[in-house]
Structures are given as structure tokens and as C-alpha cells.
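The structure appears right after this line, and notes come after that.
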Number of protein chains: 2
Amino acid sequence: MSEASIAILKFHNLRITDCRVHVVKHFLEGNGVYSQRDLENKYRQYDRVTIYRTLNNLLQAGVLHRIPNESGMATYGLFDQSSTSKHRFDNHIHFKCNRCGQIECLDDREVPQVSVPKGYSVERVNLIIDGTCPSCT
Amino acid sequence: MSEASIAILKFHNLRITDCRVHVVKHFLEGNGVYSQRDLENKYRQYDRVTIYRTLNNLLQAGVLHRIPNESGMATYGLFDQSSTSKHRFDNHIHFKCNRCGQIECLDDREVPQVSVPKGYSVERVNLIIDGTCPSCT
DNA sequence: ATCTAAAAGCAACAATGTTGCATTTATGTA
DNA sequence: TACATAAATGCAACATTGTTGCTTTTAGAT
Ligand SMILES: [Mn+2]
Ligand SMILES: [Mn+2]
Ligand SMILES: [Zn+2]
Ligand SMILES: [Zn+2]
């Protein structure tokens with residue numbers, strides 16, 4: 001599956017490097033949400049600073065998004081890469097299981113319309129749902 | 001305004017100490033959301049560990065709640081203390097201004113009903129809106 | 001006034017984020 | 001293919017935040 005990974009990097013005008021290919025591949029295959037820690041553990045061959053910078057690069061390029069997290073450790077998810085997806089550059093729902101800790105993107109769900117007080121303008125909406133996932137029920 | 005602060009601590013069966021009174025007072029007066037850093041800067045007379053533990057105590061007692069934040073720094077807000085508030089122990093909306101960085105609780109807004117895929121159960125919903133606040137428009 | 005559990009202060013350490021710099025590498029061009 | 005150059009990597013160093021253990025101090029009950 002390096003092909004898909006490389007294609008994504010090329011599409012975003014990023015140089016093809018081993019670390020980037022591996023990281024994107026990890027997101028593509030896992031279909032989940034990962035912290036820098038997760039990637040460091042998986043790919044010991046790269047310096048943690050390289051992974052840190054890789055994540056930042058992918059974030060800035062719009063390949064990944066960062067997910068707000070009350071634990072204080074940043075987590076990252078792949079943007080839905082299909083051009084038809086409404087959620088590509090859009091609002092987003094995440095589900096966090098309070099049992100196993102797993103965070104998932106619910107890409108297929110619509111973020112409900114929200115109203116804000118007069119004077120506020122909305123740029124992005126992050127909806128984070130806590131609860132129990134199917135595997136932990 | 002120490003009175004209100006002390007009343008809250010008593011209500012939650014917490015000992016009345018200078019640090020706790022100051023911290024709760026800060027939240028009461030500011031009506032905003034603050035990080036440990038903010039409180040350390042404001043109240044230099046307390047050790048940062050004391051403020052850290054104070055925040056944790058208030059969190060556990062249910063005086064404060066912690067707000068998910070993609071920056072990786074924990075932020076805290078006061079729970080609406082009015083007993084009639086629907087949001088006292090409930091779901092919650094926060095607004096973060098991308099210009100000035102200020103985070104606010106929108107206590108008077110309802111969190112919209114959300115549907116999750118089959119097999120998932122919802123315990124809590126956090127809605128974080130990014131945009132521009134009235135002062136920065 | 002005394003007692004005791006709780007809180008505060010201090011030192012130490014862990015985890016994560018961040019930057020500077022020398023070296024290596026990817027990629028466009030001759 | 002070889003070369004030039006900007007970008008990426010690895011490594012060291014440091015900043016910030018979170019966390020714990022232990023001793024001293026203190027709040028609140030008796
Ligand atoms: Mn996501
Ligand atoms: Mn709040
Ligand atoms: Zn689970
Ligand atoms: Zn603002």
C-alpha cells in the first residue's frame with residue numbers, strides 16, 4: 001500500500017521520504033487516530049523529532065488533522081481522501097471510547113448545525129463524543 | 001467575592017485554603033476558561049504543584065471541568081453553579097476564538113442531539129466551535 | 001488547646017514539545 | 001547520468017507540562 005501513500009504525498013507536493021510514506025501508510029491501513037507516541041513505537045528507525053516534524057508537515061499540508069484531547073497528548077487522524085467527501089475540509093465528529101481509549105473518526109456522520117450568540121462567527125466545529133465502543137460493550 | 005468562592009468549596013466538602021479560594025474566585029470573576037499557566041502567573045505565591053493539585057481537586061469535586069484542546073495544554077472552566085442549570089452535569093459547548101485565543105463556555109446553548117452508529121453508546125458530548133469572537137471581529 | 005488528616009512546599013523525574021545545526025537525501029536541471 | 005540545491009534527517013539540547021514522594025504546615029474537628 002505504499003502506492004496510495006506516495007500518491008497522497010505527491011498530490012500535496014511533499015517529497016517522498018521513507019518516514020512520510022510509512023506514517024501515511026500507517027494512517028491509511030489503520031483507519032484510526034494515532035498519537036506521536038504510537039508512531040514512534042511502530043517505527044523505531046526514525047528519530048522522534050523526525051516523526052514530530054513529519055506529523056507537523058502532514059498537518060500543514062492538509063493530509064492530517066489534529067484532534068482536541070483533554071488528556072493533553074495530541075492525536076492525529078487522516079483526512080478522508082476521497083474528493084467527493086463532504087468532510088474533506090469540513091467539520092468532523094470523533095468518538096472516544098472511555099473503556100479502551102480508542103478514538104475514531106466518524107466520517108460518515110453529519111455535524112449538526114449549531115447556533116452561536118450574536119457577534120460570533122463559526123469557522124470550524126469539532127464534536128467529540130465520549131462513550132463506549134462496540135468492542136467494549 | 002471570597003464569599004461565593006468559600007460557599008462553593010463548602011458545598012463540595014473541600015477544605016477552605018487560600019489557594020483554593022483564590023483559584024475559584026478567579027474562575028468566578030473571569031467567567032472564562034483558564035490553563036494552569038494562567039493561574040500560576042496570577043498567583044505567584046503558590047507553588048505550581050499546589051495549583052496543579054488544586055485544579056485536580058476541583059476537577060474531581062465537580063467544581064471545574066476540563067476542556068479538550070488541540071494545543072495539548074489542559075484548560076479548565078467552572079461548572080455553572082446554579083442548581084437550575086441544565087448544564088451543571090451535562091454536555092457543553094465551548095467557543096474558541098482563533099484570533100485572540102480566548103476560550104469561552106457557552107453555557108446557555110443546547111448541545112444538539114447527535115446520532116452514533118449502532119453499537120456505540122454516548123456518555124458525554126463535547127462541542128468545540130472555532131471562529132472569531134465579538135471583540136475580534 | 002490539642003490532635004489528625006489534609007494540603008502545601010520542595011525536589012526530583014517523566015513525557016512531550018520545540019529549536020539549532022551539521023549531515024544526508026530527494027528531486028529538478030544540465 | 002551527474003550535479004546543484006533546497007529540503008529532510010539525526011542528534012543534542014532545552015522548554016514546558018505533568019506527576020510523584022516526602023517533609024512541614026495547617027484546617028477543622030474534638
Ligand atoms: Mn477525524
Ligand atoms: Mn465549559
Ligand atoms: Zn472501546
Ligand atoms: Zn477573540
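Labels below follow one simple rule: chain letters A, B, ... track the order of the sequence lines, proteins then strands, and each chain is numbered from 1.
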### Query
If you round to the nearest 0.5 Å, how far is OG of S115(A) from CD1 of I129(B)?
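OG of S115(A) is found 8.0 Å from CD1 of I129(B).
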
Are [Y] and [X] co-members of a hydrophobic cluster defined by side-chain heavy atoms under 4.5 Å apart?
X: I51(B); Y: V49(B); answer: no
X: I8(B); Y: Y34(B); answer: yes
X: V21(A); Y: V24(A); answer: yes

### Message
When you measure from the side chain of T50(B) to the backbone of Y46(B), do you find a donor-acceptor pair of N or O atoms at a distance under 3.5 Å?
### Response
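Not at all, since once roles are kept as given, no pair shorter than 3.5 Å links the two residues.
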
### Query
Between the side chain of T75(A) and the main-chain N/O of V33(A), is any donor-acceptor distance below 3.5 Å?
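Between the backbone of V33(A) and the side chain of T75(A) there is no qualifying donor-acceptor contact (under 3.5 Å).
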
From [atom1] of [X] over to [atom2] of [N], roughly how many Å is that when rounded to an integer?
X: K10(B); N: dA27(D); atom1: NZ; atom2: C1'; result: 12 Å
X: Q60(B); N: dT19(D); atom1: CD; atom2: P; result: 13 Å
X: E40(B); N: dT19(D); atom1: CD; atom2: C1'; result: 13 Å
X: L39(B); N: dG18(D); atom1: CG; atom2: C1'; result: 15 Å
X: Q45(B); N: dA7(C); atom1: CD; atom2: C1'; result: 15 Å
X: I51(B); N: dT16(D); atom1: CD1; atom2: P; result: 16 Å
X: Y52(A); N: dC11(D); atom1: OH; atom2: P; result: 18 Å
X: L9(B); N: dG28(D); atom1: CG; atom2: P; result: 9 Å

### Message
Apply salt bridge (charged side-chain N to carboxylate O under 4.0 Å, His left out) to residues K25(A) and E3(A) and explain how you reach the verdict.
### Response
CA-CA 9 Å; K25(A) 200 156 69 100; E3(A) 298 311 312; over 6 Å; no

### Query
Are Y76(A) and H65(A) close enough that their ring centers fall under 6.0 Å?
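No; H65(A) has its ring centre 6.0 Å or more from that of Y76(A).
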
Find every protein N or O atom lying less than 3.5 Å from an N or O atom of nucleotides 28-30 of chain C, and list the pairs.
none

Give every pair of a protein N or O atom and an N or O atom of nucleotides 7-9 of chain D that lie under 3.5 Å apart, one pair per line with the distance.
from   : atom 1 : to     : atom 2 : distance (Å)
dA7(D) : O4'    : R15(A) : NH2    : 3.3
dA8(D) : OP1    : R20(A) : NH1    : 2.9
dA8(D) : OP1    : R20(A) : NH2    : 2.6
dA8(D) : O5'    : R20(A) : NH2    : 3.4
dT9(D) : OP1    : T17(A) : OG1    : 2.9

### Task
Please work out which residues in residues 21-28 of chain B have a non-hydrogen atom less than 4.0 Å from an atom of DNA chain D and list them by number.
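Residues of residues 21-28 of chain B that come under 4.0 Å of DNA chain D do not exist, since none gets that close.
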
### Task
Quick one: sort the Y120(A) and F95(B) rings into parallel, tilted or perpendicular, breaks at 30° and 60°.
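Aromatic pair Y120(A)/F95(B) classed perpendicular.
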
### Task
Would you check, one step at a time, whether the test side-chain contact (heavy atoms from CB on, under 4.5 Å) holds for F27(A) with L64(A)?
CA-CA 9 Å; F27(A) 280 99; L64(A) 299 178; 3.9 Å; yes

### Task
Specify the closest pair of heavy atoms between P112(A) and P112(B), including all atoms of both residues, with the distance to one decimal.
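So the minimum-distance heavy-atom pair works out to CG-CG, 3.6 Å.
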
### Query
Does any donor-acceptor pair link the side chain of R48(A) with the base of dG17(C) at a separation under 3.5 Å?
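For R48(A), whose side chain was compared with the base of dG17(C), there is a donor-acceptor pair (under 3.5 Å).
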
### Message
For dG17(C) and Q36(A) - does any side-chain N or O of the residue sit under 4.0 Å from the phosphate oxygens OP1/OP2?
### Response
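Yes.
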
